[in-house]
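Heads up, the thing below is written out as structure tokens.
Order of the sequence lines sets the chain letters (A, B, ...), proteins ahead of strands, with each chain counted from 1.
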There are 2 protein chains.
Amino acid sequence: MKLNNTSQYAIRIVAYIVQNGSKNKYNAKDISKKLSIPYKYLTKIMSLLVEGNIILSSRGREGGYNIAKELSEIKIGDILEAVKESLHQEECVLGNHLCNKMEKCILHDKWLFTKNSMQEMFKNTTLDDFIAKGVQR
Amino acid sequence: MKLNNTSQYAIRIVAYIVQNGSKNKYNAKDISKKLSIPYKYLTKIMSLLVEGNIILSSRGREGGYNIAKELSEIKIGDILEAVKESLHQEECVLGNHLCNKMEKCILHDKWLFTKNSMQEMFKNTTLDDFIAKGVQR
DNA sequence: TCTAATGACTACCTTAATGTAGTCATTGAA
DNA sequence: TTCAATGACTACATTAAGGTAGTCATTAGA
């Protein structure tokens with residue numbers, strides 16, 4: 001029961017940037033080293049974050065990545081969405097195919113409750129929360 | 001963000017048995033058909049449930065599976081444990097390696113809160129809850 | 001005692017997620 | 001204007017989860 005690897009990396013990447021100065025620019029090689037994420041895998045994830053409007057990139061010499069918006073505008077949920085982590089409500093704990101409007105799978109209500117609270121957490125946690133609290137990593 | 005396939009199947013299998021009479025015996029072929037779980041995959045999962053003391057099996061002609069204990073003694077959490085779904089508290093949302101006693105990853109506290117509530121739900125939900133509520137599937 | 005019906009075991013195959021390699025496109029600075 | 005440093009793109013390789021096949025072991029009943 002956890003986020004997949006790609007999502008974990010994505011959150012760590014964005015957090016790293018936020019915590020080391022969101023105004024600065026970061027290149028892939030450095031991020032890769034600092035966070036021990038395989039270089040090529042990292043650039044793949046960065047592209048997803050760029051596509052998802054979390055990160056801006058500039059190519060060429062002196063290029064790199066930086067944050068696309070104000071910290072208060074970026075939610076953890078946005079990051080997860082950018083890397084396609086499935087968080088959708090309609091997905092049931094026992095698989096979609098069992099649940100519909102008429103019938104519920106056995107765990108439906110209980111699961112939905114905890115799942116909703118998790119989604120709320122992701123939706124409501126913005127990047128400036130980390131800065132504000134001075135969290136280390 | 002969901003339980004893996006094996007866990008989903010395991011819960012559905014046990015629920016099926018409970019809802020169709022926990023005193024009866026069920027053979028693999030029937031369960032496989034009724035729940036649309038591939039036969040061989042099913043027997044693999046059944047072995048895990050037997051090993052985990054959720055289910056009893058008897059071999060040979062007229063053999064089959066039945067529930068090992070009283071319904072009130074079996075928790076959803078036990079089923080998940082039997083099939084090795086990882087629910088352990090020490091596993092952090094951003095991977096184990098970042099969190100230790102001294103330092104916490106950025107999402108640690110928030111994640112832990114929702115995760116705990118999920119674990120509580122799994123721990124506190126026993127099979128007789130389903131019977132009591134007359135849930136369909 | 002035989003045998004058909006059952007679950008157990010082992011090894012393999014398939015698929016999707018994870019990770020790697022190579023090359024192309026862009027751009028600032030010498 | 002060249003070129004080195006960068007990110008983007010495409011294709012492939014590896015790994016782990018999901019799923020299948022074949023055979024063995026057990027047992028109730030004819």
Side-chain angles (χ1 to χ4, degrees), chain A residues 1-14 17 24-68 80 82-86 91 94-97, chain B residues 1-13 17 24-68 80 82-86 91 94-95 97:
Chain A
M1 182 54 56
K2 58 175 198 229
L3 296 172
N4 66 35
N5 238 337
T6 301
S7 298
Q8 292 183 20
Y9 284 157
I11 293 176
R12 287 175 53 209
I13 290 164
V14 179
I17 291 176
N24 300 332
K25 200 179 268 187
Y26 300 83
N27 68 52
K29 203 187 289 181
D30 288 347
I31 301 175
S32 163
K33 265 187 211 157
K34 284 281 170 49
L35 300 184
S36 306
I37 299 173
Y39 176 79
K40 291 287 188 177
Y41 194 20
L42 176 95
T43 62
K44 200 188 255 181
I45 295 170
M46 293 315 285
S47 296
L48 289 171
L49 291 173
V50 168
E51 192 185 327
N53 251 306
I54 310 287
I55 294 284
L56 292 177
S57 77
S58 42
R59 286 188 178 190
R61 192 161 172 172
E62 308 287 300
Y65 301 100
N66 57 324
I67 291 281
L80 297 179
V83 296
K84 331 269 201 242
E85 172 82 45
S86 78
E91 180 180 82
L94 301 185
N96 280 324
H97 52 295
Chain B
M1 180 55 57
K2 59 175 196 229
L3 295 173
N4 66 34
N5 237 336
T6 301
S7 299
Q8 293 183 20
Y9 283 157
I11 293 175
R12 287 175 54 210
I13 291 164
I17 291 177
N24 299 331
K25 199 179 268 187
Y26 299 83
N27 69 51
K29 204 186 289 181
D30 288 349
I31 301 175
S32 163
K33 266 187 210 155
K34 284 282 171 49
L35 300 185
S36 306
I37 300 173
Y39 176 79
K40 291 287 190 176
Y41 193 19
L42 176 96
T43 62
K44 200 189 254 182
I45 295 170
M46 294 314 285
S47 296
L48 289 171
L49 292 173
V50 168
E51 193 185 325
N53 250 308
I54 310 287
I55 294 285
L56 292 178
S57 77
S58 42
R59 287 189 176 188
R61 193 161 171 170
E62 307 288 300
Y65 301 101
N66 56 324
I67 291 282
L80 297 179
V83 297
K84 331 270 201 241
E85 172 80 46
S86 78
E91 181 180 81
L94 301 183
H97 52 295

Tightest non-hydrogen contact, residues A:Lys29 and A:Tyr39, listed as N-CE1, 3.7 Å
Among A:Val83, A:Leu35, A:Leu42, A:Ile45, which residue meets the side chain to side chain contact (heavy atoms under 4.5 Å, CB included) test with A:Tyr9?
-> A:Ile45
Whole angstrom is fine here: how far is it from CG in B:Leu48 over to C1' in C:dT10?
-> 15 Å
Determine: side-chain N/O of B:Thr6 to OP1/OP2 of D:dG18, distance under 4.0 Å, yes or no.
-> yes
Atom-pair distance (CZ on B:Arg59; C1' on D:dT23), nearest Å | 12 Å
The answer to which of B:Arg61 and B:Ser47 contacts DNA chain C further toward the 5' end, by nearest nucleotide, is B:Arg61
Does OP1 or OP2 of D:dG18 have a side-chain N or O of B:Tyr9 closer than 4.0 Å?
-> no
Please determine if a side-chain N or O atom of B:Ser57 lies less than 4.0 Å away from the OP1 or OP2 oxygen of C:dA8.
-> yes
So does A:Lys40 reach the base of D:dG7 with its side chain, donor to acceptor, closer than 3.5 Å?
-> no
Would you mind reading off the distance between B:Leu42 atom CG and D:dG19 atom C1', rounded to a whole angstrom?
-> 12 Å
In whole angstrom, what separates A:Tyr41's OH from D:dC12's C1'?
-> 16 Å
Residue-phosphate contact under 4.0 Å: B:Tyr65 side-chain N/O, C:dA8 OP1/OP2 = yes
Verdict with reasoning, A:Lys25 to A:Ser58, per side chain to side chain contact (heavy atoms under 4.5 Å, CB included) | CA-CA 9 Å; A:Lys25 200 179 268 187; A:Ser58 42; 3.0 Å; yes
How close or far is atom P of C:dT6 from atom NZ of B:Lys44, stated in whole angstroms?
-> 22 Å
Please determine if a side-chain N or O atom of A:Asn5 lies less than 4.0 Å away from the OP1 or OP2 oxygen of C:dG19.
-> yes
Going by atom types alone, do B:Thr6 and B:Tyr41 pair a side-chain donor with an acceptor below 3.5 Å?
-> yes
Nearest-nucleotide wise, let me know which of A:Glu62 and A:Tyr39 is further upstream toward the 5' end of DNA chain C.
-> A:Tyr39
Which pair of heavy atoms, one from B:Leu48 and one from B:Ala82, lies closest together, and at what distance?
-> CB-O, 3.8 Å
Using only side-chain N and O atoms of B:Asn27, determine if any of them is under 4.0 Å from OP1 or OP2 of C:dT6.
-> yes
Measure the distance from CD1 on B:Ile45 to C1' on C:dA8 and round it to the nearest whole Å.
-> 15 Å
